[in-house]
Amino acid sequence: MRRFAALVVGAAVVAVPVLGFAAPAQAHNYVVSSTPAQGETLTELPAQFEVTTNSPLLTLGGSVAGFAMEVKDAAGLYYGDGCVAVLGATLSETAALGAAGDYTLLWQLVSEDGHTVSGEIGFTWAPPADFVPSEGTKSAATCG
């Protein structure tokens, strides 16, 4: 019995450092900034909506397959042309919004490790008095 207990303790002494210091799996990209920011009230239309992550995004031969941005208002109407761009760690789309109110920016990207990552950013649009709103559509636009 003592021999068995010594064997178990010896195995634990060897296994804990080996397992405890194993290298972690490569993590997915995560958002470090966005335009707009979560919960932000925009009072000026930015040139682009952007999601920037901690590492470069995975584009194969410059393809943006697997990447998307959609902007929806509270009534479920979509805004924007559906054409996204990827530059380094940033996913972007030309900004377009309708009337004042609550909006959601939905995004999807391909992480540096090859996994798809997605999320949403809620924000409020309070445009200046001279703003001309874009017309929303019932379905998300497809680039081209």
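Computed over heavy atoms, backbone and side chain alike; hydrogens, waters and symmetry mates excluded.
If you chain together hydrophobic residues whose side chains sit under 4.5 Å apart, L106 and V71 never meet in one group. With hydrophobic clusters built from ILVMFWY side chains whose heavy atoms lie under 4.5 angstrom apart, L45 shares a cluster with Y79.
Between atom OG1 of residue T59 and atom CG of residue L87 there is a gap of 9.5 Å, rounded to the nearest 0.5 Å. A distance of 11.5 Å separates OG of S134 from CG of D73, quoted to the nearest 0.5 Å. Taken from CG in L109 to OG in S118, the straight-line distance is 8.0 Å, to the nearest 0.5 Å. Atoms OG1 and CD, from T53 and E112 in turn, are 8.0 Å apart once rounded to the nearest 0.5 Å. Within the model, atoms CD of E50 and CE of M69 stand 7.5 Å from one another, a figure rounded to the nearest 0.5 Å. For the atom pair NE2 (H28) and OG1 (T116), the distance works out to 9.0 Å, reported to the nearest 0.5 Å.
Across every non-hydrogen atom of C83 and G144, the tightest pair is SG-N, 4.0 Å. The two residues L58 and G114 make their nearest non-hydrogen contact at CD2-CA, 3.7 Å. Among all heavy-atom pairs drawn from P128 and E44, the shortest one is CG-OE2, 4.1 Å. Residues P127 and A100 come closest through the heavy atom pair CD-CB, 3.5 Å. The shortest non-hydrogen separation linking A89 to S55 is CB-O, 3.2 Å.
Within the 4.5 Å cutoff, the side chain of L77 has heavy atoms near those of the K138 side chain. Here the side chains of V51 and F67 are not in contact, with every heavy-atom distance at 4.5 Å or above. You'll find the side chain of P36 reaches within 4.5 Å of the side chain of L105, heavy atoms only.
A distance-only check finds a donor-acceptor pair linking the side chain of S111 to the backbone of N29 [under 3.5 Å]. With E93 contributing its side chain and G82 its backbone, the two residues share a donor-acceptor pair below 3.5 Å. Checking side-chain atoms of Q38 against main-chain N and O of G122 turns up a donor-acceptor pair under 3.5 Å.
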Original post:
Between Y30 and V117, is a side-chain contact (heavy atoms from CB on, under 4.5 Å) present by the stated rule, with each step listed?
Top reply: CA-CA 8 Å; Y30 57 87; V117 180; over 6 Å; no
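Using bins of under 30°, 30° to 60° and over 60° for the plane-to-plane angle, the ring pair F123/Y103 lands in the parallel bin.
Taking the six-membered ring for Trp, F131 and W125 have ring centres closer than 6.0 Å.
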